[in-house]
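The basis for the numbers below is simple: all heavy atoms, side chains too, and nothing from hydrogens, waters or symmetry mates.
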Amino acid sequence: MLERVSPEEALERVRTALGDRAGELRLNFGQVDLVCEPTRLVDVMTALRDDVGCRYFTFLSGVDRSEVADNPGGLEVLIHVYSPDGRFHVNVHVPVDAEAPRCPSITGVYRGALWQERECHEMFGVDFEGHPGLSNLYLPEDFEGHPLRRSFKLPTRAVKEWPGAKDPDEAATGGR
């Protein structure tokens with residue numbers, strides 16, 4: 001059976017393997033958190049896989065912190081990987097420009113990122129440079145906006161009638 005690595009040992013392994021390639025590096029609820037600039041992302045993810053043993057890609061998503069009062073961090077790509085040998089987690093935070101979000105694709109490092117980069121592109125508007133096909137998964141191609149951004153405004157019922165109306169009075173008032 002594989003030996004569980006303590007959070008402190010995991011942090012030290014990541015720090016040793018990455019050197020100055022990662023920005024802020026800390027423990028967060030027993031998991032390693034690191035900040036990585038987009039220009040170094042592929043290199044950092046390759047080192048995490050090959051040198052640290054984080055062979056298991058869990059997820060990639062966007063986080064919009066632009067309107068959070070206590071943490072105004074803007075837009076970021078969040079990547080989570082896991083080391084099955086040491087049994088520890090690493091979260092990679094990649095800050096991107098909210099006006100023109102660009103991030104290199106990590107699909108060459110983790111094939112599992114193919115679908116999740118497409119989803120992040122569609123929902124947050126992040127362009128993953130080098131991705132083989134950033135086509136929409138959920139929304140029609142002519143859809144305007146990025147629904148998971150805080151700046152996205154949902155259409156009101158005045159624009160479109162409530163489809164769940166069961167009687168004429170409910171349809172006239174726009175739902176419940």
Side-chain angles (χ1 to χ4, degrees), residues 1-5 7 9-65 73-143 145-149 152:
M1 186 165 153
L2 300 174
E3 192 74 27
R4 177 180 293 273
V5 172
E9 175 64 24
L11 179 66
E12 191 54 39
R13 284 186 185 187
V14 172
R15 180 175 283 124
T16 302
L18 297 182
D20 65 348
R21 291 180 281 186
E24 180 184 347
L25 194 60
R26 64 186 178 101
L27 284 178
N28 186 20
F29 293 100
Q31 298 185 0
V32 177
D33 266 14
L34 66 96
V35 177
C36 175
E37 290 301 315
T39 55
R40 294 182 165 196
L41 181 62
V42 174
D43 188 35
V44 165
M45 297 310 295
T46 302
L48 286 173
R49 182 194 64 196
D50 297 343
D51 302 336
V52 181
C54 295
R55 297 185 320 270
Y56 188 75
F57 170 81
T58 307
F59 74 86
L60 177 148
S61 187
V63 180
D64 187 350
R65 301 183 195 278
L75 192 62
E76 73 179 33
V77 173
L78 177 61
I79 304 165
H80 179 267
V81 291
Y82 178 73
S83 171
D85 296 337
R87 296 168 46 192
F88 61 88
H89 303 264
V90 178
N91 300 299
V92 181
H93 300 265
V94 186
V96 294
D97 180 25
E99 299 303 316
R102 294 191 185 286
C103 186
S105 175
I106 61 166
T107 57
V109 182
Y110 295 102
R111 295 287 293 167
L114 280 165
W115 182 277
Q116 294 177 29
E117 285 181 359
R118 286 176 60 195
E119 182 180 52
C120 188
H121 169 72
E122 183 177 8
M123 295 294 155
F124 289 95
V126 178
D127 287 326
F128 288 93
E129 297 164 341
H131 190 283
L134 287 174
S135 58
N136 285 2
L137 293 167
Y138 310 117
L139 303 172
E141 290 298 327
D142 61 345
F143 188 87
H146 304 289
L148 293 183
R149 283 208 181 182
F152 184 78

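One finds the CG atom of Asp43 at 13.0 Å from the CD1 atom of Ile106 (value rounded to the nearest 0.5 Å). Separation of atoms CG (Leu18) and CG (Leu48) is listed at 5.0 Å; rounding is to 0.5 Å. Atom CG of residue Asp85 and atom CZ of residue Arg87 lie 11.0 Å apart, to the nearest 0.5 angstrom. To the nearest 0.5 Å, atom NE2 of residue His121 and atom CG of residue Asp127 are 5.5 Å apart. To the nearest 0.5 Å, atom CG of residue Leu137 and atom CH2 of residue Trp115 are 4.5 Å apart. Rounding to the nearest 0.5 Å places CG of Leu11 at 9.0 Å from OG1 of Thr16.
Nearest heavy atom pair, residue Pro84 against residue Gly53, reads CD-O, 3.6 Å. Taking each heavy atom of Arg21 and Val44 in turn, the nearest pair found is O-CG2, 3.8 Å. Closest approach of Val92 and Cys36 over heavy atoms only: CG1-CB, 3.9 Å. When all heavy atoms are compared, the tightest approach of Gly145 to Pro147 is O-CD, 3.9 Å. Taking both residues in full, the closest heavy atoms of Glu117 and Thr107 are given as OE1-CG2, 3.3 Å, listed atom of the first, atom of the second, then distance. Looking at every heavy atom in both residues, Val42 comes nearest to Ser105 through CG2-O, 3.5 Å.
The list of side chain to side chain donor-acceptor pair (under 3.5 Å) pairs with a residue in residues 128-143, not counting sequence neighbours, reads Arg118-Ser135, Glu119-Tyr138.
Within the 4.5 Å cutoff, no side-chain heavy atoms of Val77 are placed close to those of Leu41. Residues Cys120 and Phe128 form a side-chain contact, since some pair of their non-hydrogen atoms from C-beta on lies under 4.5 Å apart. The side-chain heavy atoms of Glu37 and Pro95, taken from C-beta on, include a pair separated by under 4.5 Å. Residues Asp64 and Leu148 form no side-chain contact, since every pair of their non-hydrogen atoms from C-beta on lies 4.5 Å or further apart. The closest side-chain heavy-atom distance from Leu60 to Leu78 is not below 4.5 Å. Two residues are said to be in side-chain contact when any heavy atoms from C-beta on lie closer than 4.5 Å; Ser83 and Val5 fail this criterion. With a 4.5 Å cut-off on side-chain heavy atoms, Val63 and His93 do not count as touching. A heavy-atom distance below 4.5 Å is not found between the side chains of Phe29 and Pro7.
With Arg149 contributing its side chain and Ala98 its backbone, the two residues share a donor-acceptor pair below 3.5 Å. Judged by distance alone, the side chain of Gln31 and the main-chain N or O of His89 form no donor-acceptor pair under 3.5 Å.
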Would you check, one step at a time, whether the test side-chain contact (heavy atoms from CB on, under 4.5 Å) holds for Leu139 with Glu122? CA-CA 8 Å; Leu139 303 172; Glu122 183 177 8; 3.1 Å; yes
Run the side-chain contact (heavy atoms from CB on, under 4.5 Å) check on Glu76 and Val96 step by step: do they pass? CA-CA 5 Å; Glu76 73 179 33; Val96 294; 5.6 Å; no
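Residues satisfying the ring-ring contact (aromatic ring centres under 6.0 Å, His included) criterion with Tyr110, sequence neighbours excluded, are Phe57. For His146, there are no ring-ring contact (aromatic ring centres under 6.0 Å, His included) partners, not counting sequence neighbours.
Remark: Tyr82 OH is packed, more than 12 non-hydrogen atoms of other residues, nucleotides or ligands lying under 6.0 Å away.
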